[in-house]
Amino acid sequence: MVVVTSEPREDNFKRVIKRSYSDDSESEVARKKIKTEGEKKRRVKREQKEEEEAEEYEWWRDQNGDKDDTIRWTQLEHQGVLFPPEYVPHGVPILYDGEKVYLEPEIEELVGFFAALLETEHGANPTFQRNFFNELKLLMSKSKRKYPIKEFSRCDFRPMYEYFQKQKEEKKQMSKEEKAALLEERKMIEEKYGYCILDGRREKVGNFRIEPPGLFRGRGAHPKTGCYKRRVRAEQITINIGKDAKIPEPPKGSKWGNVIHDQTVTWLAMWKENVNDNTKYVFLAAGSSLKGQSDLKKYEKARELKKHIVRIRKDYMAALTSSDGKTRQRATALYLIDRFALRAGNEKGDDQADTVGCCSLRYEHVTFEDGKVVFDFLGKDSIRYYNKVEVHPAVYRNLVSFQRAAKTPGNLLFSLINTVELNKHLSSLMPGLSAKVFRTYNASHTFQQELEKQDVTPASSIHELTLAYNRANRQVAVLCNHQRAVAKNFSGQLSKIADRLMGLRYECRRHIDLLKPNLTDLSLADRAKYDLAPFEQACRDDPDRPITTEWLYSYFADLLTKDIERLEKKKASDATQSNLDSIEEKLASLSSELSTLNSKKEALSSSKSSKPYIPEMYRLTFNSIDKSFSTIQRLYTRIVATKTALVDKDENKTTALGTSKINYIDPRITVSWCKKFDIPVEKFFPKTLREKFKWAMHADKNFKF
DNA sequence: CCGGTCACTTAGAAAGAGTCCA
DNA sequence: TGGACTCTTTCTAAGTGACCGG
């Protein structure tokens with residue numbers, strides 16, 4: 001969709017045009033493109049003009065290469081972290097064997113964490129349930145009170161769940177003023193904790209909120225999912241801050257665990273989480289100079305790989321047939337990492353979900369079919385990687401032999417190498433090179449290529465350009481296997497669109513049938529003006545979903561039902577004495593048609609009447625050639641739009657475009673493309689991404705990755 | 001070399017905000 | 001006009017890879 005919806009966006013657009021599109025005449029087209037759209041769609045008005053136009057430090061302008069990059073800052077001031085509110089008991093019981101059980105606050109809190117997730121996948125996950133229940137039993141055993149609770153299956157958390165639902169509902173029903181007050185409060189907090197002073201500049205802090213307690217929500221088959229993630233106290237937190245800065249005040253009655261002044265790291269605070277013993281950090285926001293610098297560095301490193309890639313590929317291709325087993329394994333792994341954008345695959349512990357990357361692939365993760373290799377394994381976040389691919393014969397032979405050597409499921413395919421070794425080898429080929437650089441390189445490179453392949457010109461509409469961009473984006477997302485859960489009601493949504501499309505096709509066809517006989521008397525030249533061929537093509541039946549009489553009856557029944565609803569509403573809301581009669585009359589005829597239709601439908605199976613019945617109010621009458629023709633044109637446009645929407649939706653159902661846009665595609669490719677095609681970068685980078693990619697916004701229109 | 005630690009990037013889910021459409 | 005749907009932001013889990021000490 002092409003929508004310029006609100007004031008700020010329009011504002012941004014103008015500013016970006018002014019700031020980074022130096023040639024004014026060129027931006028004229030783009031401005032026009034936006035203007036009409038903007039005028040048409042703009043509705044919501046919001047004040048908020050600021051968006052901090054403060055004289056910004058443009059760090060990317062003075063990158064004098066190799067400064068000491070172990071020191072990350074010289075001045076650092078911040079306000080510390082924000083703790084979640086203390087627990088407030090609600091006193092809602094759970095049921096055990098149907099009997100109410102009231103819980104002391106600490107236990108009630110824990111149980112509440114579970115009750116809130118009752119209707120989610122976590123709540124239904126046996127591991128999650130078991131881990132949670134063990135935690136609960138532990139807490140109960142430590143309590144002075146005696147609880148009757150012994151078995152999970154005899155618990156009923158519904159009362160608490162329903163209580164939470166009710167609360168959510170109430171929150172939704174809050175008055176405007178209350179909501180505004182809440183927002184104000186949030187703003188105040190952000191103002192205080194959301195910023196720090198870094199080398200004299202005010203920069204945004206990312207996650208200054210301490211993670212609230214809850215149940216650990218591990219992904220996939222994580223053995224610890226459902227474990228109690230405890231409340232974090234000031235005593236567990238280490239603050240990192242400038243020597244001269246004022247140390248932030250810990251909550252009353254508490255002390256920071258530690259305060260350090262480490263200039264070689266970028267975090268402001270750190271603590272250890274209790275479930276997996278992982279370290280959690282408070283970092284600056286993605287749009288900060290520190291993050292921006294390393295982002296730029298990442299892409300520059302990937303571009304550096306461009307200069308070496310031919311040699312490196314030659315190198316590992318040759319090594320595929322090395323007599324040394326280790327070398328052969330390394331080369332094969334590199335081939336997979338380079339060709340299929342696999343992750344390195346560090347080894348993992350037993351207390352984590354069983355997921356793999358390249359080096360940790362096992363016997364069972366590859367099979368061989370029709371001369372191709374099938375990869376099927378769970379990768380990061382337990383996302384399934386399934387790919388049936390053709391590979392170089394040497395790679396095929398190697399994989400077969402590695403698998404044979406592994407003998408049985410559970411054993412490593414690449415038994416002689418690991419990520420450390422692989423990366424060591426890579427860094428010997430190019431300084432700073434590691435496995436993950438290939439993902440960045442291939443993603444950005446693919447994106448640029450795909451974008452060039454697209455059949456668009458600067459004259460193309462915004463819609464076409466957006467489509468082209470997203471297609472290229474999608475190629476990258478597929479390459480990197482970035483997935484998302486299929487939306488809850490996806491198939492319903494799909495068939496809804498498909499149904500709408502069928503309706504449009506039908507309407508288009510009957511209008512064509514109506515018009516056609518009227519064209520025969522026209523002169524040949526005139527007839528050419530009303531060429532129906534493309535429209536006839538468009539409204540041809542989808543072979544998978546032909547228009548049957550049965551469908552037709554449902555279609556009209558649907559139309560009738562909707563019309564009736566509309567009229568009923570009208571009757572209820574603004575019926576006056578004068579129009580009440582006509583409304584009633586219409587209603588009566590509609591419902592009589594509806595019952596006629598229903599009985600016709602009933603009779604369908606028995607009698608095979610050839611001509612479907614059409615309710616009177618939906619029969620068409622011919623008016624004029626021009627009118628009829630323009631109706632067909634309109635319908636055609638809608639058919640085409642609906643068709644693309646359908647294809648797009650289906651292709652997008654499991655592919656997540658965001659991850660590659662945020663992490664893998666050099667933003668300068670997008671910026672330069674936007675400049676070349678005269679389309680505002682806002683179309684592809686929402687506010688936070690523009691913030692994150694500030695450093696890329698002035699990329700030249702001839703920028704090449 | 002190896003295992004552990006540390007710091008950082010990358011990831012999908014969930015929450016929240018905005019928009020669309022009947 | 002409000003409820004469904006979509007897009008954006010936030011949240012925090014899950015990776016990568018360097019380094020360190022034995």
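Below, chains carry the letters A, B, ... as their sequence lines are ordered, and counting in each starts from 1.
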Take the C1' atoms of the five end pairs on each side of the helix from dC1(B)-dG22(C) to dA22(B)-dT1(C), derive the two axes, and give their angle rounded to 10 degrees.
0°
Nearest listed nucleotide, side chain of Pro686(A), among dA11(B), dT9(C), dT10(B):
dT9(C)
List for me each residue that meets side-chain contact (heavy atoms from CB on, under 4.5 Å) alongside His261(A), sequence neighbours excluded, and say none if there are none.
Ile241(A), Lys243(A), Val259(A)
For His482(A) and dA11(B), what is the distance between atoms NE2 and C1' respectively, to the nearest whole Å?
7 Å
Per the salt bridge (charged side-chain N to carboxylate O under 4.0 Å, His left out) rule, what does the pair list look like for residues 419-443 of chain A, sequence neighbours excluded?
Lys326(A)-Glu421(A)
Assess the residue pair Tyr281(A) and Thr266(A) against the criterion (side-chain hydrogen bond (donor to acceptor under 3.5 Å, both in side chains)); give the C-alpha distance rounded to whole Å, side-chain angles, the decisive distance to 0.1 Å, and a yes or no.
CA-CA 9 Å; Tyr281(A) 299 92; Thr266(A) 67; over 6 Å; no
Applying side-chain contact (heavy atoms from CB on, under 4.5 Å), name anything that partners Ala116(A), two or more places apart in sequence or on another chain.
Phe164(A)
Looking at residues 208-216 of chain A, who's got a heavy atom less than 4.0 Å off DNA chain C?
Arg209(A), Glu211(A), Pro212(A), Phe216(A)
Leu657(A): side-chain contact (heavy atoms from CB on, under 4.5 Å) partners, not counting sequence neighbours:
Asn470(A), Asn473(A), Arg474(A), Ala477(A), Asn652(A), Thr655(A)
Where along residues 261-276 of chain A does a heavy atom fall under 4.0 Å from DNA chain C?
none
Taking only residues two or more places apart in sequence or in another chain, which ones pass side-chain contact (heavy atoms from CB on, under 4.5 Å) with Asn131(A)?
Thr127(A), Cys227(A)
Separation of dC11(C) P from Arg219(A) CZ (nearest whole Å):
15 Å
Could you tell me how far apart Tyr281(A) (OH) and dT10(B) (P) are, to the nearest whole angstrom?
17 Å
Contact list for DNA chain C against residues 421-434 of chain A - heavy-atom distance below 4.0 Å
Asn423(A), Ser434(A)
Residues passing the salt bridge (Lys or Arg N to Asp or Glu O under 4.0 Å) test with Arg303(A), sequence neighbours excluded, are Glu300(A)
Which residues share a salt bridge (Lys or Arg N to Asp or Glu O under 4.0 Å) with Arg330(A), sequence neighbours left out
none
For Asp381(A), give me all partners under side-chain hydrogen bond (donor to acceptor under 3.5 Å, both in side chains), at least two apart in sequence or on another chain.
Arg219(A)
